Peer 1: 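Please find one structure pasted underneath; my questions will follow.
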There are 2 protein chains.
Amino acid sequence: MEQRSTSITLLDVAEAAGVGESTVSRVLRDHGSFSEKTRARVMAAVETLGYVPNRIAGALASTGSPLVAIVVPSLSNIVFADVLRGVAQTLEAGRRQAVFAVSEYEPSREEALVAAMLAWRPAAVMLAGLEHAEGTRRMLRAAGCRIAELLDIDGTPQDLAVGFSNRTAGRVSALHMVQRGYRRIGYVGHDIGQDTRAGKRLAGFRETLAEAGLAPASEDIRAVRSSVGEGRIGLAALMARQPQLDAVYFSNDDMALGGYFHCLEAGIAVPGQLAIMGFNGLDIARHTPQPLTTIETPRDEIGRIAAQLVLDDAPPQTVDCGFRLVEGATV
Amino acid sequence: MEQRSTSITLLDVAEAAGVGESTVSRVLRDHGSFSEKTRARVMAAVETLGYVPNRIAGALASTGSPLVAIVVPSLSNIVFADVLRGVAQTLEAGRRQAVFAVSEYEPSREEALVAAMLAWRPAAVMLAGLEHAEGTRRMLRAAGCRIAELLDIDGTPQDLAVGFSNRTAGRVSALHMVQRGYRRIGYVGHDIGQDTRAGKRLAGFRETLAEAGLAPASEDIRAVRSSVGEGRIGLAALMARQPQLDAVYFSNDDMALGGYFHCLEAGIAVPGQLAIMGFNGLDIARHTPQPLTTIETPRDEIGRIAAQLVLDDAPPQTVDCGFRLVEGATV
DNA sequence: ATCGGTATTGGCAGCGCTGCCAACGTCACC
DNA sequence: GGTGACGTTGGCAGCGCTGCCAATACCGAT
């Protein structure tokens with residue numbers, strides 16, 4: 001019950017229960033065979049002593065690793081938080097522990113974090129996207145642990161990839177606007193150097209406009225991280241330059257909401273005067289006066305599936321979780 | 001360079017560099033003394049072999065723990081993600097590793113997660129708020145590790161507490177509305193059984209209304225987690241019952257934004273016909289057509305300070321990080 | 001009562017690293 | 001030339017647990 005400087009070990013429990021160390025270990029892990037009587041005595045001793053197994057020691061002694069490392073670009077963006085949650089939940093059920101770090105969208109930082117993570121000998125390392133520094137890839141390859149790349153399947157995965165095609169999402173968005181009759185479509189986005197997935201959506205969007213025989217979109221690409229404020233500024237800037245636009249595709253919902261708020265304030269009728277489309281399917285975007293037309297992505301599911309594949313030690317594969325076009329009231 | 005089944009150990013590096021194990025350990029940790037010549041040889045061997053130290057073994061052998069455990073109620077709520085980021089960043093600089101889990105606002109789950117976390121022998125366990133299951137408190141006390149309770153200082157901390165007074169925040173909000181001349185003030189909130197911090201804000205809010213000689217607020221408290229949609233529904237319900245209200249205090253910005261969107265859609269003038277006030281200071285709430293009047297909380301700072309206190313092994317204390325009233329355009 | 005087979009159990013060698021201590025030179029100084 | 005102090009270094013005993021293997025107990029069948 002009370003704490004002690006020299007902690008209680010397996011051996012203490014074994015002595016208290018009058019059994020051997022290995023027996024206690026077997027009972028606690030419910031692995032191997034032992035009698036019901038033994039289990040009861042061991043559990044009683046554990047209870048009495050207030051024993052808490054030391055997983056550090058366990059991890060060192062056993063072969064498989066109980067840790068899974070996750071490096072996300074950001075936590076301000078709810079997208080990664082959702083993925084993280086899915087991963088953590090699934091790992092928890094599998095008796096694994098998630099360790100994480102935030103790269104702030106910097107490849108060099110991601111590299112340093114992956115290096116630090118590998119020192120924990122994780123069963124797997126999970127990263128956002130398929131683009132990584134050469135050093136990151138090399139380390140990962142040499143580490144011999146599983147690698148899961150999330151939220152993107154447009155490219156060549158190292159091992160496991162779970163996500164959806166951002167390029168296709170961009171195409172679908174463009175097509176939706178074209179089909180709805182819009183012809184002068186612009187784009188407002190954030191830094192695609194950092195967020196390569198947004199870059200892929202933009203590429204798909206451009207392709208489809210071209211295929212539809214439309215002029216390349218007027219674009220306002222801001223060299224910063226996405227945010228509602230930047231979306232607002234971006235749309236204002238774009239409209240100042242190209243007032244004839246009838247629709248704008250945004251790099252994601254944060255940016256799109258910014259644009260939408262600009263319209264509300266500037267008295268621009270949506271979608272009559274200007275249609276707006278986002279990406280991600282954020283909860284808040286469903287509850288604006290007019291629900292935002294966007295593409296909903298299965299973030300939680302992506303995290304859960306990736307974690308499950310790691311738990312199952314599944315063979316290398318790419319899982320396309322798809323996405324869903326949400327027809328709101330802004331296009 | 002290439003991976004091997006039996007991994008490269010300190011001993012391999014020591015032999016390659018022609019020095020002893022302890023010397024390699026000293027060089028890699030930059031701890032103790034060694035010559036520049038030795039460092040160079042060791043580093044060369046590390047490079048050649050592609051050696052990655054095993055932190056699991058290191059943690060087991062050394063006294064202090066490199067891990068810090070964090071259990072947050074949710075990751076959907078950006079508030080906790082912000083705290084998590086602050087913690088992770090600061091720990092990283094201190095060569096510690098964050099491990100985390102999500103309790104989904106369930107005390108029993110928090111208890112189970114804390115138990116699981118303690119098996120990692122963390123240097124500290126960080127939790128949201130001061131209210132925890134009795135079992136959680138007992139385990140934490142017995143564990144003998146540092147405890148940091150975040151985002152709330154209204155109560156009796158176990159060890160470290162870093163946050164702000166939610167009760168005071170509630171009082172300040174009420175006072176602000178009263179001072180602005182509002183007299184028929186309502187409240188729309190989410191489940192305060194789960195989110196005790198929201199409950200404390202509500203308590204402060206009620207106190208101040210009473211002190212101002214105003215009638216108790218009409219309240220619409222929804223027994224669910226906070227969300228924009230619920231805020232919207234909640235305000236609609238409250239206004240249907242109490243159309244004479246001239247201001248509404250929301251349990252947080254998510255709820256408040258929902259209320260604001262309802263007003264935009266229902267044609268209720270804000271703040272002329274109805275004033276709206278939130279809590280948290282979310283980024284998006286700064287960019288709505290009218291910026292939301294709210295209270296901004298230093299979430300990132302709370303995470304950083306808590307992590308720093310743990311790194312410094314500071315004595316038990318409560319740090320009030322305060323909050324800031326943001327005068328938007330909705331009150 | 002004997003025997004093979006199965007269910008339980010204990011002993012102990014590591015897992016890879018750190019912390020401690022003894023053993024080195026190497027100097028400056030007497 | 002002797003001496004103590006200091007900067008370096010290597011050896012090795014654990015940290016607490018798991019995995020392996022041998023030992024023992026127990027069972028029904030012969």
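Hydrogens, waters and symmetry mates are skipped; everything else that's a heavy atom, side chains included, is used. On a predicted model such as this, the values are computed, not experimentally measured, just so you know. To find a chain, count down the sequence lines: A is the first, B the second, and so on, and within it residues start at 1.
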Peer 1: Which pairs, with at least one residue in residues 55-78 of chain B and sequence neighbours excluded, count as a ring pair (Phe, Tyr, Trp, His ring centres under 6.0 Å)?
Peer 2: none
Peer 1: Can you list, in residue-number order, the parts of residues 24-39 of chain B that come under 4.0 Å of DNA chain D, counting heavy atoms only?
Peer 2: R26(B), S33(B), F34(B), S35(B), T38(B)
Peer 1: Does R137(A) have any salt bridge (charged side-chain N to carboxylate O under 4.0 Å, His left out) partners at least two apart in sequence or in another chain, and if so, which?
Peer 2: E134(A)
Peer 1: For R39(A) and D30(A), run salt bridge (charged side-chain N to carboxylate O under 4.0 Å, His left out): C-alpha distance rounded to whole Å, both residues' side-chain angles, the deciding distance at 0.1 Å, then the answer.
Peer 2: CA-CA 9 Å; R39(A) 149 180 264 135; D30(A) 195 21; 3.5 Å; yes
Peer 1: To the nearest 10 degrees, how far apart in direction are the end axes of the helix from dA1(C)-dT30(D) to dC30(C)-dG1(D), each fit to five base pairs?
Peer 2: 40°
Peer 1: Tell me the interatomic distance from D12(B), atom CG, to dC15(C), atom P, rounded to whole angstroms.
Peer 2: 11 Å
Peer 1: Using salt bridge (charged side-chain N to carboxylate O under 4.0 Å, His left out) as the criterion, list what pairs up with R26(B), not counting sequence neighbours.
Peer 2: none
Peer 1: Apply salt bridge (charged side-chain N to carboxylate O under 4.0 Å, His left out) to E92(B) and list each qualifying residue two or more places apart in sequence or on a separate chain.
Peer 2: R109(A)
Peer 1: Tell me the interatomic distance from L11(B), atom CG, to dG14(C), atom P, rounded to whole angstroms.
Peer 2: 14 Å
Peer 1: Measure the distance from CG on L10(A) to C1' on dG11(C) and round it to the nearest whole Å.
Peer 2: 14 Å
Peer 1: Could you pull out all residues at least two apart from R95(A) that satisfy side-chain hydrogen bond (donor to acceptor under 3.5 Å, both in side chains)?
Peer 2: none
Peer 1: By the side-chain hydrogen bond (donor to acceptor under 3.5 Å, both in side chains) test, which pairs, at least two apart or in different chains, include something from residues 118-133 of chain A?
Peer 2: E110(A)-H132(A), E131(A)-T196(A), E131(A)-K200(A), H132(A)-E149(A)
Peer 1: Could you check how far CD of E21(B) sits from C1' of dT8(D), rounded to whole Å?
Peer 2: 17 Å
Peer 1: Would you kindly give the CZ-to-P distance between R95(B) and dT18(C), to the nearest whole Å?
Peer 2: 11 Å
Peer 1: Hey, is the main chain of E104(A) close enough, under 3.5 Å, to the side chain of R225(A) for a donor-acceptor pair?
Peer 2: yes
Peer 1: Which ring pair (Phe, Tyr, Trp, His ring centres under 6.0 Å) pairs, counting each pair once, include a residue from residues 25-55 of chain B, with sequence neighbours left out?
Peer 2: none
Peer 1: What integer distance in Å separates I56(A):CD1 from dC17(C):C1'?
Peer 2: 12 Å
Peer 1: Applying ring pair (Phe, Tyr, Trp, His ring centres under 6.0 Å), which residue pairs with at least one partner in residues 77-101 of chain B are found, sequence neighbours left out?
Peer 2: F100(A)-F100(B)
Peer 1: Which residues, if any, of residues 59-71 of chain B bring a heavy atom under 4.0 Å of DNA chain D?
Peer 2: L60(B), A61(B)
Peer 1: Atom CZ of R55(B) to atom C1' of dC15(C): distance rounded to whole Å?
Peer 2: 18 Å
Peer 1: Please identify each residue that fulfils salt bridge (charged side-chain N to carboxylate O under 4.0 Å, His left out) with R85(A), with sequence neighbours left out.
Peer 2: D82(A), D300(A)
Peer 1: Return yes if the base of dG11(D) and the side-chain atoms of S22(B) contain a donor-acceptor N/O pair under 3.5 Å, otherwise no.
Peer 2: yes
